Amino acid sequence: MKLTSREEGAVVVLEPRGKIIGGPDATVLREQVRDLTNSGKKKIVIDLAGVDWMNSTGLGILISCLTTLRNSGGELKLARITEKIESLLTITKLVTVFDTYDSAEDAISAFSGD
Amino acid sequence: MPEISENKIVIPSQPALIRDIDEFVEAKLREWGVADTLIADIAICATEIVNNGIYHGNKEDPQKLVTLQLESGEDEIKITITDEGDYFNPDEIANPIAEENLLREVGRGIFIVRQLMDNVTIRQAEGGGTEVTFTKKIA
Ligand SMILES: Nc1ncnc2c1ncn2[C@@H]1O[C@H](COP(=O)(O)OP(=O)(O)O)[C@@H](O)[C@H]1O
Ligand SMILES: [Mg+2]
């Protein structure tokens, strides 16, 4: 998995690419969200268009990102999840836990402005 | 290093080698003409169970191996994955979709495999470790 990021005003959009299936590179996303949160950037979108699928390792990392942000008063939104990831979120009942959007722009404008 | 023969891949228990497992499984299934969406489901499950062998079974001991065997039947794919750890009781796994477990970062692997595949059996391997077999209808 490779990770790039861009800033849109107060929001940081993270763009992982490649499957998230475990192994040493899987934790990069989790660490990036932790670093951003620590430096005060607490509105984060993970744009998953470049991740064809993931396994439970990837789901665990998304949950870790969500709780890191929530615990510090931030917010996480997911954008452009693939069909496979959507069905995994459904099977695991995590659809009820994550906010998902059809585009990064929709996700960005869904943050409360403060 | 992974050791690959016709329908079998054997890896030492190093987490980075999960990529090799994914590549091997996907390449074989593509060669057998399995539909892309099923290839993804089967590869998700293969990487789940091999990760379990690497981390929980063999505890990342590179001396211990995880073996994955693929079989192609008339209308189904069968995968058998074995590790060299201690057998565990799969009945004791907590339900990951119970409200109080939803935000746990771990504990969904076997549940996902049971949901996506047709027939999942977990038993003690001959060598004492864990052997997981699952099948998926492809036609
Ligand atoms: N091959 C194995 N050897 C020993 N224990 C295992 C094995 N596979 C699974 N387990 C046990 O079952 C639990 C649930 O596995 P799983 O559903 O994949 O979730 P996770 O791997 O996220 O913990 C593991 O935490 C572990 O205790
Ligand atoms: Mg697991």
Side-chain angles (χ1 to χ4, degrees), chain A residues 1-2 16-31 33-34 46 48-72 74-76 78 81-100, chain B residues 2 11-26 35-56 58 60 66 68 81 93-117 134:
Chain A
M1 189 202 60
K2 293 198 171 27
R17 269 187 202 84
K19 299 160 203 157
I20 310 177
I21 60 176
D25 64 339
T27 56
V28 176
L29 184 60
R30 171 195 271 133
E31 278 150 22
V33 167
R34 201 166 291 159
I46 301 178
L48 285 164
V51 179
D52 287 341
W53 50 263
M54 56 178 60
N55 60 18
S56 70
T57 306
L59 297 178
I61 288 168
L62 292 181
I63 291 172
S64 156
C65 295
L66 180 78
T67 38
T68 299
L69 279 161
R70 274 192 188 163
N71 291 343
S72 64
E75 262 183 273
L76 174 73
L78 305 182
I81 57 171
T82 63
E83 239 176 85
K84 275 291 162 212
I85 296 176
E86 182 166 21
S87 89
L88 279 181
L89 292 181
T90 306
I91 289 170
T92 55
K93 294 229 157 84
L94 290 172
V95 265
T96 57
V97 165
F98 290 104
D99 287 337
T100 60
Chain B
I11 57 161
S13 298
Q14 293 161 336
L17 297 178
I18 197 63
R19 304 249 149 236
D20 297 78
I21 295 289
D22 176 37
E23 277 168 27
F24 172 77
V25 169
E26 291 203 45
D36 283 345
T37 176
L38 286 175
I39 291 179
D41 285 347
I42 295 169
I44 288 170
C45 295
T47 58
E48 277 314 336
I49 300 301
V50 171
N51 276 340
N52 281 353
I54 293 173
Y55 290 104
H56 304 308
N58 294 346
E60 294 179 64
V66 179
L68 180 150
I81 294 160
I93 300 172
N95 176 8
I97 60 169
E99 189 65 35
E100 68 272 19
N101 292 332
L102 276 189
L103 286 179
R104 286 191 60 202
E105 287 175 32
V106 295
R108 293 181 183 81
I110 289 171
F111 176 85
I112 288 171
V113 176
R114 289 204 161 115
Q115 298 296 313
L116 293 180
M117 298 294 113
F134 57 83

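Keep in mind the model is a prediction, meaning the values are calculated, not measured. Just so we're on the same page: letters track the sequence lines, and every chain starts at 1.
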Identify the two heavy atoms, one from [X] and one from [Y], that lie closest to each other, and give their separation to 0.1 Å.
X	Y	value
Phe98(A)	Leu76(A)	CE2-CD2, 4.1 Å
Ala26(A)	Ile61(A)	O-CD1, 2.9 Å
Val33(A)	Cys65(A)	CG2-SG, 3.6 Å
Ile18(B)	Gly23(A)	CG2-N, 4.1 Å

Q: Please state whether the side chain, the backbone, both or neither of Leu66(A) comes within less than 4.5 Å of a heavy atom of chain B.
A: side chain

Q. Given that the side chain runs from C-beta out, which part of Leu62(A) has a heavy atom under 4.5 Å from chain B: side chain, backbone, both or neither?
A. neither

Q | side chain to side chain contact (heavy atoms under 4.5 Å, CB included) against Ala16(B), all qualifying residues, sequence neighbours excluded | A | Pro24(A)

Q.
Applying side chain to side chain contact (heavy atoms under 4.5 Å, CB included) to Ile91(A) and Phe111(B), what does each step give before you reach the verdict?
A. CA-CA 9 Å; Ile91(A) 289 170; Phe111(B) 176 85; 3.7 Å; yes

(Q) Please classify the contact between Ile54(B) and chain A as side chain, backbone, both or neither, with a heavy-atom cut-off of under 4.5 Å. (A) neither

Between chain A and chain B, donor-acceptor distances below 3.5 angstrom:
from	atom 1	to	atom 2	distance (Å)
Lys19(A)	O	Arg19(B)	NH2	3.3
Lys19(A)	NZ	Asp22(B)	OD2	2.8
Lys19(A)	NZ	Glu26(B)	OE2	2.7
Ile21(A)	O	Asn51(B)	ND2	2.9
Arg30(A)	NH2	Glu105(B)	OE1	3.2
Asn55(A)	ND2	Thr47(B)	OG1	3.0
Ser56(A)	N	Glu48(B)	OE2	2.5
Ser56(A)	OG	Glu48(B)	OE1	2.7
Ser56(A)	OG	Glu48(B)	OE2	3.1
Lys84(A)	NZ	Thr37(B)	O	3.2
Lys84(A)	NZ	Thr37(B)	OG1	2.8
Lys84(A)	NZ	Asp41(B)	OD1	2.8
Lys84(A)	NZ	Asp41(B)	OD2	3.4

Q: First locate atom CD1 of Ile81(A), then atom CD1 of Ile46(A), and finally report the distance between them rounded to the nearest 0.5 Å.
A: 12.0 Å

